[in-house]
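Whatever order the structure lists ligands and atoms in, that order sets their numbers, starting from 1.
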Amino acid sequence: MENGQEYTGIGSRIVAGFLVVLVLMALLVSLGLRHISEANHRLKEIVEGNNLKTELAGDMQTALRERALSMHALSVMTDPFDKDAELQRFNHFGSVFLGARERLSQMPLSELELAILDQISLLMRESNPEVQAVVDMSMSMTGSNAELFDRIRNRAIPKQREIAEGVNALTGLQQELTDTAVRNADASYTKVRNLLIGLGIFAVLIGLLITLFVSRRVGQQAKQLAAQAMHDSLTGLPNRSLLQDRIEQAIAHARRSNQPFCVALMDLNRFKEVNDTLGHNVGDELLREVSRRLKKLVRAEDTVARMGGDEFVIVLQGVGESDICRFAEKLRTALEPAFLWGKQGIDIGASTGIALFPQHAEDASSLIRYADIAMYMAKRSGRDHAVYAPDQEQISRDMLSLKSQLREAIHSGQLVLHYQPKIDHHTCRVIGLEALARWSHPEKGLLAPDNFISLAEEAGLIEDVTRWVLKTAIGQLSLLHARGHALTMGVNLSPRNLHDLELPATISTLLAGNGVAPEYLTLEITENAVMSNAADALAILGKLDRMGITLAIDDFGTGYSSLAHLRQLPVDEIKIDKSFVIDMEENENDAVIVRSIIDLAHNLGLKVVAEGVDTKDAWDTLTVLGCDHSQGFYMSKPLPGDGLMQWLEESSAASMASLQPAHCKLPA
Ligand code: C2E
Ligand code: CA
Ligand code: CA
C-alpha cells in the first residue's frame, strides 16, 4: 500500500516534470514564432515600400528617356502635324515624371532619399528652361539647325543626364535598403532557428535527466523493498523468509565442508506478561534489547533472526551435539542481566529448543519445526533449553489439538469449577472459597488449570473462560447464600482480563442478576498484572474497587514488585505464594519471608491469606504469625460443587474441631 503510494508519487512527479518542460517549450516556441512573424511583417512592409519607390523611380527614368527622345524627334521633324503630335508626347512624359515624383515625395522617406529627391527637383528647375528653349526653337523653326543641335547636345542632354543619375541613385538606394532588410530578416530567422534547436536539445536533456532520476529512484526503492521484505522492522533482524534462505545456505555449506550446524529457536518466558501488563512500548524495547544481546553472542557467519512475536532463531555454523551445552550456557549468561525499565528490573528468561543438522532433519522447514517442538518441551518442563527428540513431536501435536478443542469445551460445558475453602485463623470457621477451574476432558479426564489456562491465553480464549468462571462462581455463591452460608468467593483473573474494559459491567450485571452483594466477590490478580502502569488495568481496578469488590494480590512474593508499590493500588488483601508456605517449616529463609510479608501487609492495612497450608504445623505457625486466613490441603482440597455442600454442613457442625485446640479463639 505504502509502496504503491510512493510509485504514484514518483509517477506524478514525472508527469509534472514533463509538463513543466512542455510549457517552457511552448512558451519559447511561441516567443520564437512571434519574433519571426514580426520580422516577416517588418520585411514585407519594407519590401513593399521599396518596390513602390523603385517602381516610381523607374517611371521617372522612363519619362526622362522618352522626353529626351521626343526632344530629338522634334528637332528633326519638318511636318507641323507630326511636330504637334510629338509635342503632345513630350508634354505627356513631362507630367508622368512630375506625377511620379509627386507620389514619391508623399511616401515616408529617409533623409538620404529626401536629399536625393531635392537634388532631382533642383536639377529639374535648372534644366527646364534649356529643354523648353530647345522645344520652342524646334516648334518655331527659328535659329539654325547647327545652333539647335548644339543646344541639345551641350546643354539640354547633359542636364537630363544629371537628373537621370539622381533617379538612378534613388533606385540604387532602394535596392540597398531592400537587401539590408532581407539580410536582417535572414539573421532573425537564423537566430530563431538556433533558439529552437537549442530548445530541442534542452528538452531532450531534461527528458534524459528525468528518466535517469526516475530509474535511479525506482532502483533504490526496489532495493529498499527487497530489504524490507527480508527483515523484521522492529529489530532489523532477518525475518522468517530470509531465515529460510540462510538455513538453506547453511545446509549447502555444511554439506560441502562436512560440518554440522544447529538451529536454536528461543521463546521469551515472560514476554506476554510484560506486554500485557507494562504495555507494547516496553515489550518492543525488550525485544530490541534481546536482539542486541543475541547479535553480540554469535559470530559473523551465524544468523540471528526474529520469527515474529517473542521468538528468535539462531543458526550456529559448525555447532554439533557436543557444543550445545556450552552454547546454552552462553545464552543463559547473555540473558541473565535484568532488562531495566525505569527503576524496574525485568527478568528476561527464555526457553530454547535446538534441532541439529544432519541428525534431526536435512531441510530448513523441518529444522525450524523440530526446534519449535523442542522449545515447547523446554517450556513445559521448566528448563531453559531442550534438544529435539523424535518422540516430542507426538506430545506437541497433542498440545496443538488440545488448543483447538478448548474453544468447543468452553461452550459445551466441559469446564467445571472446584471450590477450595478459606479458613479464618481467629474463629477457625470457613469464611470463603476460591473457585478453581478444571477441564473435564472427554478422553483425558479431569485436567488441572496449569494444562489449559495458558493455552486459553495463547488462543485468545481467556476472556471467554473468565466470563464462564465468573458466571458459574457467582451462581454458586447465590445458591450458598440462599442456604445460609454467607461466604465470599475468590475468582482468578489473568493479566489479559485487565485489558477487557467491559469486565466491570459484566461483573456488575452478574452480581445483580444473582442477587449477590459485591463485597462477597474477591478477584485474585497476580502481582505482576497489577504492578503494570498500563492505564487500562488501573482504570479497571479502580472501577472494580469502587463497586465494592475485594481485590487480592495472588502468588505474592514471586513477582518483581514490592509492598510499597502496592500502597498506590486499590488492593484489600494479599495471598502469600504457596511455595513459601509449603517450605516454611524446613526453610528458615521462607519462614522469614512469610513473617515479614504478614507484618508489612498489616502495616499497610491489608488482610493476609496463606495458601498451600498442608500440615497442622503450618496452620499453627501461621496462627502465631497473625495470618488472617488460610487455604490448603490440610483443611480441604478444592471440592466439586456437590461435595462442597456436604463438606460445609459437616465442618460447621464440627467447627473445624481439628484446628481448635492449639490457638483458635472461638467467638463467644
Ligand atoms: P492459584 O490461584 O495459586 O490457586 C491455588 C492452587 O494451589 C490450586 O491449584 C490449588 O489446588 C493448589 N493448592 C491448594 N492447596 C494446596 C496445598 O496445600 N498444597 C499444594 N501443593 N497445592 C495446593 P490449581 O487448582 O491447580 O490451580 C492452579 C492455578 O491455576 C491457580 O493457582 C490459578 O493461578 C490458575 N487458575 C485456576 N483456576 C483459574 C481460573 O478460573 N482462571 C484463571 N485465570 N486462572 C485459574
Ligand atoms: Ca488464586
Ligand atoms: Ca496462588
Side-chain angles (χ1 to χ4, degrees), residues 272-273 276-277 406 409-410 414-423 432-440 445-477 488-500 503 507 521-530 550-559 571 573-585 590 594 608-619 621-622 627 629-641 643-644:
K272 232 180 79 61
E273 203 176 303
D276 284 349
T277 58
L406 185 59
I410 298 166
Q414 289 178 20
L415 293 189
V416 286
L417 285 185
H418 283 188
Y419 304 93
Q420 187 173 38
K422 291 180 190 170
I423 318 294
L433 304 164
E434 178 178 1
L436 294 158
R438 309 278 178 263
W439 179 0
S440 173
L446 204 61
L447 295 177
D450 289 339
N451 295 312
F452 64 89
I453 292 294
S454 59
L455 282 186
E457 284 168 347
E458 280 168 32
L461 292 170
I462 194 66
E463 272 98 350
D464 291 356
V465 171
T466 302
R467 253 166 244 262
W468 178 87
V469 172
L470 280 164
K471 186 166 153 257
T472 313
I474 292 171
Q476 180 70 35
L477 197 53
T488 61
M489 178 69 79
V491 169
N492 293 286
L493 294 186
S494 279
R496 253 197 100 89
N497 292 128
L498 291 185
H499 291 281
D500 178 5
L503 188 71
I507 293 176
L521 181 65
T522 301
L523 294 176
E524 302 188 1
I525 310 141
T526 57
E527 54 172 322
N528 294 340
V530 269
T550 306
L551 297 176
I553 302 297
D554 209 350
D555 301 346
F556 191 84
T558 57
V571 169
E573 192 176 293
I574 61 168
K575 298 186 75 176
I576 307 173
D577 189 66
K578 57 177 174 287
S579 59
F580 302 111
V581 178
I582 289 169
D583 295 345
M584 190 173 60
E585 298 303 309
D590 284 347
V594 171
V608 183
V609 181
E611 39 174 40
V613 178
D614 51 9
T615 60
K616 171 97 169 68
D617 284 348
W619 167 266
T621 307
L622 288 163
C627 182
H629 310 136
S630 283
Q631 62 187 91
F633 293 171
Y634 174 62
M635 291 80 86
S636 171
K637 292 208 164 184
L639 300 161
L644 175 70

Trainee: Considering the heavy atoms of D555, write down every atom of ligand 1 situated less than 4.0 Å from one of them.
Mentor: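 Those atoms are 3 (O).
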Trainee: As an exercise, state the distance from NE2 of H418 to CG of L433, rounded to the nearest 0.5 Å.
Mentor: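 It comes to 13.0 Å.
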Trainee: Can you tell me the angle formed at the Ca ion (ligand 2) by OD2 of D554 and OE1 of E524, to 10°?
Mentor: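 Value returned, to the nearest 10°, is 100°.
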Trainee: Is there a donor-acceptor contact under 3.5 Å linking the side chains of S579 and D577?
Mentor: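 Present: a donor and an acceptor within the cut-off.
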Trainee: Take every heavy atom of E611, measure it against each atom of ligand 1, and state whether any distance is under 4.0 Å.
Mentor: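 Contact present.
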Trainee: Would you say F633 and ligand 1 have an N/O pair spaced under 3.5 Å apart?
Mentor: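 N/O-N/O distance under 3.5 Å: yes.
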Trainee: Counting each atom of ligand 1 from 1 as listed, which ones have a heavy atom of V469 under 4.0 Å away?
Mentor: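 Listed by number with element, the hits are 41 (O).
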Trainee: OE2 (E434) to the Ca ion (ligand 2) to OD1 (N492): angle, nearest 10 degrees?
Mentor: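 Vertex at the Ca ion (ligand 2): approximately 90°.
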Trainee: Under 3.5 Å, is there a donor on one side chain and an acceptor on the other for T621 and E585?
Mentor: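 The answer is yes; a qualifying pair exists.
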Trainee: Counting from 1, what ligand 1 atoms have a heavy atom of V613 closer than 4.0 Å?
Mentor: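 Going through ligand 1 atom by atom, the ones under 4.0 Å from V613 are 18 (O).
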Trainee: Where does D554 meet ligand 1, judged by heavy-atom distances below 4.0 Å: at the side chain, the backbone, both, or neither?
Mentor: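 D554 to ligand 1: side-chain contact only, backbone stays beyond 4.0 Å.
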Trainee: Between N492, I582, N497, V491, flag the one that comes closest to atom 43 (C) of ligand 1 by a heavy atom.
Mentor: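 Shortest heavy-atom distance from atom 43 (C) of ligand 1: N492.
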Trainee: Going by the order shown, which atoms of ligand 1 are within less than 4.0 Å of some heavy atom of S494?
Mentor: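 Heavy-atom distances to S494 below 4.0 Å select 44 (N).
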Trainee: Donor-acceptor check, side chain of S494 to backbone of N497, threshold 3.5 angstrom: yes or no?
Mentor: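 Looks like no, no N/O pair under 3.5 Å.
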Trainee: With rounding to the nearest 0.5 angstrom, report the CG to CG distance, L406 to L415.
Mentor: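 Going from CG on L406 over to CG on L415, the span is 6.5 Å.
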Trainee: Looking at G632, which atoms of ligand 1 are within less than 4.0 Å of one of its heavy atoms?
Mentor: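 Those atoms are 15 (N), 18 (O).
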Trainee: As an exercise, state the distance from CD1 of I576 to CE of M584, rounded to the nearest 0.5 Å.
Mentor: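 The distance works out to 8.0 Å.
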Trainee: Kindly indicate, with the supporting measurements, whether the criterion side-chain contact (heavy atoms from CB on, under 4.5 Å) is fulfilled by R496 and D500.
Mentor: CA-CA 7 Å; R496 253 197 100 89; D500 178 5; over 6 Å; no
Trainee: Enter the distance from L639:CG to L417:CG here, rounded to the nearest 0.5 Å.
Mentor: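 It is 12.5 Å, given to the nearest 0.5 Å.
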Trainee: If we set the cut-off at 4.0 Å for heavy atoms, which region of T466 has an atom near ligand 1: side chain, backbone, both, or neither?
Mentor: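 Within the 4.0 Å criterion, T466 makes no contact with ligand 1.
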Trainee: If you take the nearest heavy atom of each of R496, K637, K578, K575, which one is closest to atom 7 (O) of ligand 1?
Mentor: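 Of the listed residues, K578 has the closest heavy atom.
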Trainee: Evaluating non-hydrogen atoms only, which member of P449, S454, A437 is closest to atom 26 (O) of ligand 1?
Mentor: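 That would be P449.
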Trainee: Around atom NZ of K471, are there more than 12 heavy atoms from other residues, nucleotides or ligands closer than 6.0 Å?
Mentor: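 Atom NZ in K471 is not packed in, count stays at 12 or less.
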Trainee: What do you reckon, does H418 put a non-hydrogen atom under 4.0 Å from ligand 1?
Mentor: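 No; H418 lies far enough from ligand 1 that no heavy-atom distance drops under 4.0 Å.
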Trainee: Can Q420 and Q631 be counted as having a side-chain donor-acceptor contact under 3.5 angstrom?
Mentor: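 A pair is found: one side chain offers a donor N or O, the other an acceptor, under 3.5 Å apart.
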Trainee: At what distance, to the nearest 0.5 angstrom, does CD1 of I507 lie from CG of L470?
Mentor: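 I507 atom CD1 to L470 atom CG measures 5.0 Å (nearest 0.5 Å).
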Trainee: With heavy atoms under 4.0 Å as the rule, classify the contact between Q631 and ligand 1 as side chain, backbone, both or neither.
Mentor: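 Near ligand 1, Q631 shows nothing, with every heavy atom at 4.0 Å or more.
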Trainee: What atoms of ligand 1 come within less than 4.0 Å of a heavy atom belonging to E434?
Mentor: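 Every atom of ligand 1 under 4.0 Å from some heavy atom of E434: 2 (O), 4 (O).
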Trainee: Under a 4.0 angstrom heavy-atom cut-off, which atoms of ligand 1 come close to Q420?
Mentor: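 Listed by number with element: 14 (C), 15 (N).
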